[in-house]
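Values in this document were obtained by computation on a predicted structure and should not be read as measured data. Proteins get letters first, then strands, A, B, ... in listed order; numbering begins at 1 in each.
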Number of protein chains: 2
Amino acid sequence: MADVTTRIVIADDQAAIRHGFRLVLDAQPDLCVVGEAADGAGALATARLLRPDILLVDVRMPGPDGLEVVRQLAGDGPGAVPETRVIVVTTFDLDEYVYPALRDGAAGYLLKRSGPTLLVEAIRAAMSGEALVSPSITVRLLRGLTASPAPATARAALTEREAEVAGLVAQGCTNAEIAAELLISPGTVKTHVASAQRKVGARNRVGVAAWAWRTGLAR
Amino acid sequence: MADVTTRIVIADDQAAIRHGFRLVLDAQPDLCVVGEAADGAGALATARLLRPDILLVDVRMPGPDGLEVVRQLAGDGPGAVPETRVIVVTTFDLDEYVYPALRDGAAGYLLKRSGPTLLVEAIRAAMSGEALVSPSITVRLLRGLTASPAPATARAALTEREAEVAGLVAQGCTNAEIAAELLISPGTVKTHVASAQRKVGARNRVGVAAWAWRTGLAR
DNA sequence: GGGAGCCTCCCCCTTTCGGCAGAGGCGGGG
DNA sequence: CCCCGCCTCTGCCGAAAGGGGGAGGCTCCC
C-alpha cells in the first residue's frame, strides 16, 4: 500500500463541526484536510477541483444535500469523481437518509456522536475499499437480516396465526397459496388476512405486507 | 446508565490471541477481562457461570464452534444468557460465517486484523445495544443491500414512471389511487404495474411492493 | 426517414380480493 | 359454569387486480 498522506475535504454547514473534524484529522500523521465547504454546491465544486481521497459530507446542507452529493460524485455520470470516496457524517440516523446514501455508493455512514475514533477508522476503512457504518445504524441494517427478534409490542397485536398469514402475504402469496401452505381453507385465510388488515390499520393486503416488512416480520 | 466496569470473557483456542486481547482490553479503564475459554464448551460454561457483559468468541474452535455459541447464548432457549452480548472475532471473513452469526444475534463481527481500536469500539457499541461490523464485511453486506437479493438487478431495470408507480404500490395504493396521484388513467397505471411486475420477476403487485421495500425504493 | 423506448390510453376476459354476516369447536379465566 | 378470544369454516356480492391484445404520440438516435 502506498503510504502517502490521505487528502480529505470536509463539507458541513457548521463551521464548528468543520473545525473540530480538522483538529482531529490533522492530528493524525497520515491524514490531511486539504479543503472545506459549507454547502452542497461548494462540496461538489471542491471535490471536483481537489479530487481528494476522502470527502466527509453532512446530509443536511444548503443547496444540494449530502445525498445528492453522494449520487453525483459516486455515480458514473459526467460529474463523478471516482477516486474520491464519500463518507456521510450526520447528526441523526434516519432511515430515509441511510438507505439511499449507502445504495448510491457512500463509502461509510457515521453519526457525529460516534466520536473521533470511528471517524478516523472510517477513513482508513474507506481507503481500503471498505465501508464503516455507525454501529447504531448497523443494528438496523442487520434487523433486515435477522430472524425477527421481535418488536413484540407491535406484533402482539396479531395472533400467531394472523402473523403467519401476514408473513406469507408479504411474500406475495395469494390466499389460495397460503391455504395450501398452512393446510387450511382459503376462506379461513381470508378471515386471517382481514383481521390482520384491520389490526394493523391497512386498507388492503399490500398494507399488511408493508407492515410485515417494517416490523421485521417479513424479509 | 450505570457506569461500572464492563466485564468481558474471551473465548479463543489460541492462547496468544487471548493474551493479546487481554492486554488491550485491560488497558482500558472501564473494561475488565474476567474469564477465558479455549473451546466452545468452555465458552458456553464460562458465559453461563460468569454472565459477562461481553463474550468475544472465535468462530473456529474445538467442540461447539463460535456460531453454535452465538445460537445458544443469544437465542431464547433454556441455555441462553440474555445479558451477555456475543461479539464474533475471527481471522477470515467468510460469508458462511458472517451471515449466520449476525442473523442469530451476534452483537458484532470483527476480523482479528482489524486492530485493537475497532475491538474496543465494538465492545462499546455492543454495550449500547448497537453492533459494529468489520468494514471489510460491511461492504459485502451493503452489496447485498443493493443488488443480491433481487435476481434481476438494480432499479435501472425500471423506467422512472414504473419506479414511481412501484413506490406507490408499496404504500398500499390501489391502481385508482395511483392514477389520481399521478394524474393519469387507471389503465395506464395497470400497464406500469404489469411491466414493473414482469421486470422484477414478481407474480403480483405484492411482489412488486416486496421488491420496492427490499431495494429501498420504498420505506 | 426509420427504429427503439417510453408514456399514454383503450378493449376484452378471468381470477383474486375485500367486505359482510354467520357459525361451530376449543381453550383459559373470572 | 359461562364468557371471551382464537381458529376454523361457510356463503354471497361487488370491486380490484391480472393477463392478453392493440394503438397513438413523443423523444432520441442511427
**Q.** Phosphate OP1/OP2 of C:dC17: any A:Asn175 side-chain N/O under 4.0 Å
**A.** yes

Q. Rounded to the nearest Å, what distance is computed from the CD atom of residue A:Glu160 to the C1' atom of nucleotide D:dT8?
A. 15 Å

(Q) For B:Arg71, is there an ion pair with B:Glu68 - N to carboxylate O distance below 4.0 angstrom? (A) yes

Q | Whole angstrom value for the distance that separates C1' of C:dG24 from CD1 of A:Ile184 | A | 16 Å

(Q) With a 4.0 Å cutoff (strictly under), does any side-chain N or O of A:His192 reach OP1 or OP2 of D:dC6? (A) no

Show each protein N/O and nucleotides 10-12 of chain C N/O combination with a separation under 3.5 Å, one pair to a line.
none

Q | Proximal nucleotide (of D:dT8, D:dC6, C:dT16) relative to the A:Arg161 side chain | A | D:dT8

**Q.** Atom pair distance, as rounded to whole Å: CD in A:Glu162 and C1' in D:dC7
**A.** 9 Å

Q) With nearest nucleotides of DNA chain C determined for B:Asn204 and B:Val189 from heavy-atom distances, which residue corresponds to the more 5′ nucleotide? A) B:Val189

Q) Starting at CG of A:Leu158 and ending at P of D:dG5, how long is that distance when rounded to a whole Å? A) 16 Å

Q: Check each of B:Leu49, B:Leu50, B:Ile54 against B:Pro52 using the side-chain contact (heavy atoms from CB on, under 4.5 Å) test, and report the only one that passes.
A: B:Leu50

**Q.** Heavy-atom donor-acceptor pair, A:Asn204 side chain to B:Gly172 backbone, under 3.5 Å
**A.** yes

Q) Is a donor on one side and an acceptor on the other found under 3.5 Å between the side chain of A:Ser114 and the backbone of A:Leu110? A) no

Q: In whole angstrom, give the distance that lies between atom CG of B:Leu168 and atom P of D:dA17.
A: 13 Å

Q) Counting just side-chain N and O atoms, does A:Gln197 come under 4.0 Å of either OP1 or OP2 of C:dG19? A) yes

Q) Rounded to the Å, how far apart are A:Glu164 CD and D:dT8 P? A) 9 Å

Q: Ignoring the backbone of B:Thr159, work out which of C:dT8, C:dC6, D:dC7 is nearest its side chain.
A: C:dC6

**Q.** For atom CZ of B:Arg205 and atom P of C:dG18, their distance in whole Å
**A.** 10 Å

(Q) Using the side chain to side chain donor-acceptor pair (under 3.5 Å) definition, which of the options B:His192, B:Gln197, B:Lys199 pairs with B:Glu162? (A) B:Lys199

(Q) Between B:Thr188 and B:Ile184 (side chain of the first, backbone of the second, donor and acceptor by atom type, cut-off under 3.5 Å), is there such a pair? (A) no

Q) Between A:Arg7 and A:Val34, is there a donor-acceptor pair closer than 3.5 Å when you use the side chain of the first and the backbone of the second? A) no

